[in-house]
Amino acid sequence: MKIASWNVNSIRARLPIVTDWLASRRPEILLLQELKCEADAFPAEPFAALDYQAVVVGQKSYNGVAMLVRRPLAIERPLLALPGDEADAQARYLEATVAGLRVATLYLPNGNPVDSDKYPYKLRWMARLRAHAAGLLAQERPVVLGGDYNIIPEPEDVHDPEGWRNDALFRLESRKAYRALLHLGLTEAYRALHPAVPGQPPAYTFWDYQAGCWPRNLGLRIDHFLLSPQAADRLESCTIDRQPRGLDRASDHTPVVLVLRD
DNA sequence: ATGGTAGACCCTCTA
């Protein structure tokens with residue numbers, strides 16, 4: 001079972017890059033974030049032509065998440081929002097059951113600037129995610145929570161830790177909230193298989209469009225897969241596919257690919 | 001030089 005997660009920074013702007021990638025990699029599930037369109041405007045037909053059905057939670061201009069599932073697998077019991085705040089209209093969470101796995105695609109709030117109301121919103125959203133994940137874990141089933149967490153977990157995951165010290169993606173308060181989520185009993189798939197080694201090349205999933213960050217490899221590792229124990233027991237591989245980031249008109253994120261044993 | 005890019009879309013916001 002191959003599951004990929006990709007913040008595409010507009011699905012309509014990225015359509016040929018995403019369809020080409022799907023045609024060659026053929027994951028069973030692709031989790032998308034930052035669609036930047038309403039559900040009605042999601043380009044479902046080119047994905048259907050590749051045998052992928054889609055569930056979309058969209059919003060005009062901002063946010064938006066989707067789950068693409070390759071036939072003949074079915075999408076069961078979709079949940080179209082993160083529970084815990086009925087008034088939250090931002091399209092950032094979608095969860096469904098596929099082949100006995102409970103799978104979520106999530107776009108955690110960025111939270112910058114930290115002195116705006118965006119930052120407390122990020123922390124509240126993380127508290128809601130933690131509460132919801134606790135309920136999922138209590139069911140003792142395989143759960144995969146994938147997406148753009150907008151969290152740099154450790155100094156090894158950013159090119160300039162000192163410069164990012166007070167950023168909403170890296171400040172201690174954010175990392176503590178992320179760690180509290182992990183401490184429920186979730187396994188972060190990439191780091192579990194690839195411990196950071198001093199002197200080895202860093203592993204990033206995002207490079208800013210500005211200041212030549214991609215050619216200079218000044219990136220961040222902010223896209224993650226968190227696994228319940230029943231999913232972690234099946235963990236075979238987790239890799240970062242840098243190829244699409246080097247294309248013309250690329251997203252600023254590149255896909256993370258998880259493989260679970262059947 | 002306090003810089004630079006990208007996407008959506010009404011011109012400024014978000015990242």
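Convention: sequence-line order gives letters A, B, ...; per-chain numbering from 1.
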| said: Walk me through whether A:Arg179 and A:Glu154 qualify under salt bridge (charged side-chain N to carboxylate O under 4.0 Å, His left out). | reply: CA-CA 10 Å; A:Arg179 191 173 289 235; A:Glu154 300 291 340; 2.8 Å; yes
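As rounded to whole Å, 15 Å separates atom C1' of B:dA15 from atom OH of A:Tyr121. Going from atom CG of A:Asp167 over to atom C1' of B:dA15 covers 11 Å, rounded to whole Å. Atom NZ in A:Lys122 sits about 15 Å away from atom P in B:dT14, given to the nearest Å. Between A:Leu15 atom CG and B:dA8 atom C1' the separation is 16 Å, expressed in whole Å. One interatomic measurement links the two molecules: CG of A:Asn150 to C1' of B:dT14, which rounds to 11 Å at whole-angstrom precision. Here the C1' atom of nucleotide B:dA8 and the CZ atom of A:Arg12 are 8 Å apart, to the nearest Å. Going from atom NE2 of A:His253 over to atom C1' of B:dA15 covers 8 Å, rounded to whole Å.
Applying the side chain to side chain contact (heavy atoms under 4.5 Å, CB included) criterion to A:Pro46, with sequence neighbours excluded, gives A:Leu15, A:Thr19, A:Pro43. Legend: residues meeting side chain to side chain contact (heavy atoms under 4.5 Å, CB included) with A:Leu80, ordered by chain and number and at least two apart, are A:Val55, A:Val57, A:Pro78, A:Leu94. For A:Arg245, the salt bridge (charged side-chain N to carboxylate O under 4.0 Å, His left out) criterion is met by no residue, not counting sequence neighbours. Evaluation of the salt bridge (charged side-chain N to carboxylate O under 4.0 Å, His left out) rule for A:Arg71 yields no partner, not counting sequence neighbours. For A:Tyr93, the ring-ring contact (aromatic ring centres under 6.0 Å, His included) partners at least two apart in sequence or on another chain are A:His132.
Separation of the P atoms belonging to B:dA1 and B:dT12 is 27 Å when rounded to the nearest angstrom. Atom C1' of B:dC13 sits at a distance of 22 Å from the matching atom of B:dT2, rounded to the whole Å.
A:Tyr107 comes within 4.0 angstrom of sugar-phosphate atoms only, judged by non-hydrogen atoms across all strands, and of no base.
Put simply, A:Lys118 has a side-chain N or O that comes within less than 4.0 Å of OP1 or OP2 on B:dT14.
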Got a list of protein N/O to nucleotides 4-7 of chain B N/O distances below 3.5 Å?
{"residue": "B:dG4", "atom": "N3", "partner": "A:Gln210", "partner atom": "OE1", "Å": "3.1"}
{"residue": "B:dG7", "atom": "OP1", "partner": "A:Arg14", "partner atom": "NH1", "Å": "3.0"}
{"residue": "B:dG7", "atom": "O3'", "partner": "A:Ser10", "partner atom": "OG", "Å": "3.2"}

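Using a cutoff of 4.0 Å between basic side-chain nitrogens and carboxylate oxygens, A:Glu162 and A:Arg165 are scored as salt-bridged.
Nearer the 5' end of DNA chain B, as judged by each residue's closest nucleotide, is the contact made by A:Lys60, out of A:Asn110 and A:Lys60.
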